[in-house]
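Inspection log for the structure reproduced underneath, given as structure tokens.
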Amino acid sequence: GYDARPFVPAEADLGELREAAAGCHGCPLYREATQTVFGAGNPSARVVLVGEQPGDVEDRRGLPFVGPAGRVLTRALEEAGIDPDDSYITNAVKHFKFVQQGRGKRRIHKAPSLREMAACRPWLAEELRLIAPEVVVALGATAGKSLLGPDFRVTRERGTPLPLAPLDGAREPTDVVCVATIHPSAVLRADDRDAVYAGLVSDLRVVAGALR
Ligand code: URA
Ligand code: SF4
């Protein structure tokens, strides 16, 4: 089955992990995408933000959240009082999944499957283990399912601190708090952008409040 684990080196630091992820063939998504988009940011961050998967811009540039959704997120973090330099940002799935549409061959984002999310989770688990943040933020449904399980629902669980169980299925609970919110791209798609954006900032204030 799909699984990134054969590609994840033991006892690697974050830099070595990133290098290894560049060669991951743990699921078929590497075939059509340009490159692996690994996490980026402060390796001793107190806040780790988890998105869904790289978008079109991120796939070309090789960095997470450098497109339109990233601009929304940066503004919301600052407004909520979270220092972007005290954060690390990554995705539940590290390759861009898309369908080509129309004669211009525009690449339209496609949600990753639970299998692809499960395959890619070992990279996320290692990032979280090495960074050991205080709070993990799930940005949207895919990140929420990857971090909290397939029954996760954003509308039900957003904006409250939840305990984060170990991603690698290990026994002991972690003392890491998870706060879920909407995906920042939902702000861009919404008719009532201001209200949706305010909800994002409000959830991120819960993150700021959960920092020790
Ligand atoms: N959306 C995501 O979920 N992740 C990115 O890196 C960019 C857009
Ligand atoms: Fe590996 Fe994840 Fe890319 Fe699949 S999406 S090939 S598991 S890095």
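Just follow the structure's listing: the first ligand is 1, and inside any ligand the first atom is 1.
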### same_hphob_cluster(Val207, Val196) at 4.5 Å side-chain heavy-atom cutoff
yes

### Query
Among protein heavy atoms, which lies nearest atom 2 (Fe) of ligand 2, and at what distance?
Cys120 SG, 2.3 Å

### Task
Would you kindly say whether Glu127 and Tyr88 are connected by a side-chain donor-acceptor distance under 3.5 Å?
yes

### Task
Can you pull out the closest protein heavy atom to atom 5 (C) of ligand 1? Residue, atom name and distance to 0.1 Å, please.
Gln53 O, 3.4 Å

### Query
How close does the nearest protein non-hydrogen atom get to atom 1 (Fe) of ligand 2, and which residue and atom is it?
Cys24 SG, 2.3 Å

### Query
How is the N/O/S atom of His95 that comes nearest to atom 3 (Fe) of ligand 2 named?
ND1

### Query
With a 3.5 Å cut-off and no angle check, do the side chains of His95 and Gln35 form a donor-acceptor pair?
no

### Summary
Within 4.0 Å of some non-hydrogen atom of Gly51, the atoms of ligand 1 are 3 (O)

### Interfacing atoms of ligand 2 (cut-off 4.0 Å, heavy-atom, Val93)
5 (S)

### Summary
atom 4 (Fe) of ligand 2: closest protein heavy atom, distance to 0.1 Å, is Cys27 SG, 2.4 Å

### Task
Using modelled atom types only, decide if a donor and an acceptor are shared between the side chain of Asn91 and the backbone of Val93 within a distance under 3.5 Å.
no

### Task
Count the heavy atoms belonging to other residues, nucleotides or ligands that lie under 6.0 Å from CD of Glu16, then report whether that count exceeds 12.
yes

### Task
Look only at the side chain of Glu116 and the backbone of Pro112, and say whether a donor-acceptor pair between them is shorter than 3.5 Å.
no

### Message
For the 3.5 Å polar cut-off, considering only N or O atoms, please tell me whether Phe65 and ligand 1 meet it.
### Response
yes

#### Entry: Atoms of ligand 1, numbered as shown, that sit under 4.0 Å from any heavy atom of Pro64
6 (O)

### Query
Is there a nitrogen or oxygen of Glu58 sitting under 3.5 Å from a nitrogen or oxygen of ligand 1?
no

### Message
I need the contact type for Trp123 against ligand 2. Using non-hydrogen atoms and a strict under-4.0 Å cut-off, is it side chain, backbone, both or neither?
### Response
side chain

### Query
Under a 4.0 Å N-O cut-off, is there an ion pair linking Glu78 with Arg75?
no

### Query
Got a donor-acceptor contact below 3.5 angstrom from the Gln53 side chain to the Lys97 backbone?
yes

### Query
Near His183, which atoms of ligand 1 are under 4.0 Å from a heavy atom of that residue?
1 (N), 2 (C), 3 (O)

### Message
Please confirm whether the ring centroid of His25 lies under 6.0 Å from the ring centroid of Tyr30.
### Response
yes

### Message
I'd like to check which ligand 2 atoms, numbered from 1 as shown, lie under 4.0 Å from a non-hydrogen atom of Gly26.
### Response
1 (Fe), 6 (S)

### Task
Could you tell me the residue and atom name of the protein heavy atom closest to atom 4 (N) of ligand 1, and the distance to it rounded to 0.1 Å?
Asn91 OD1, 2.7 Å

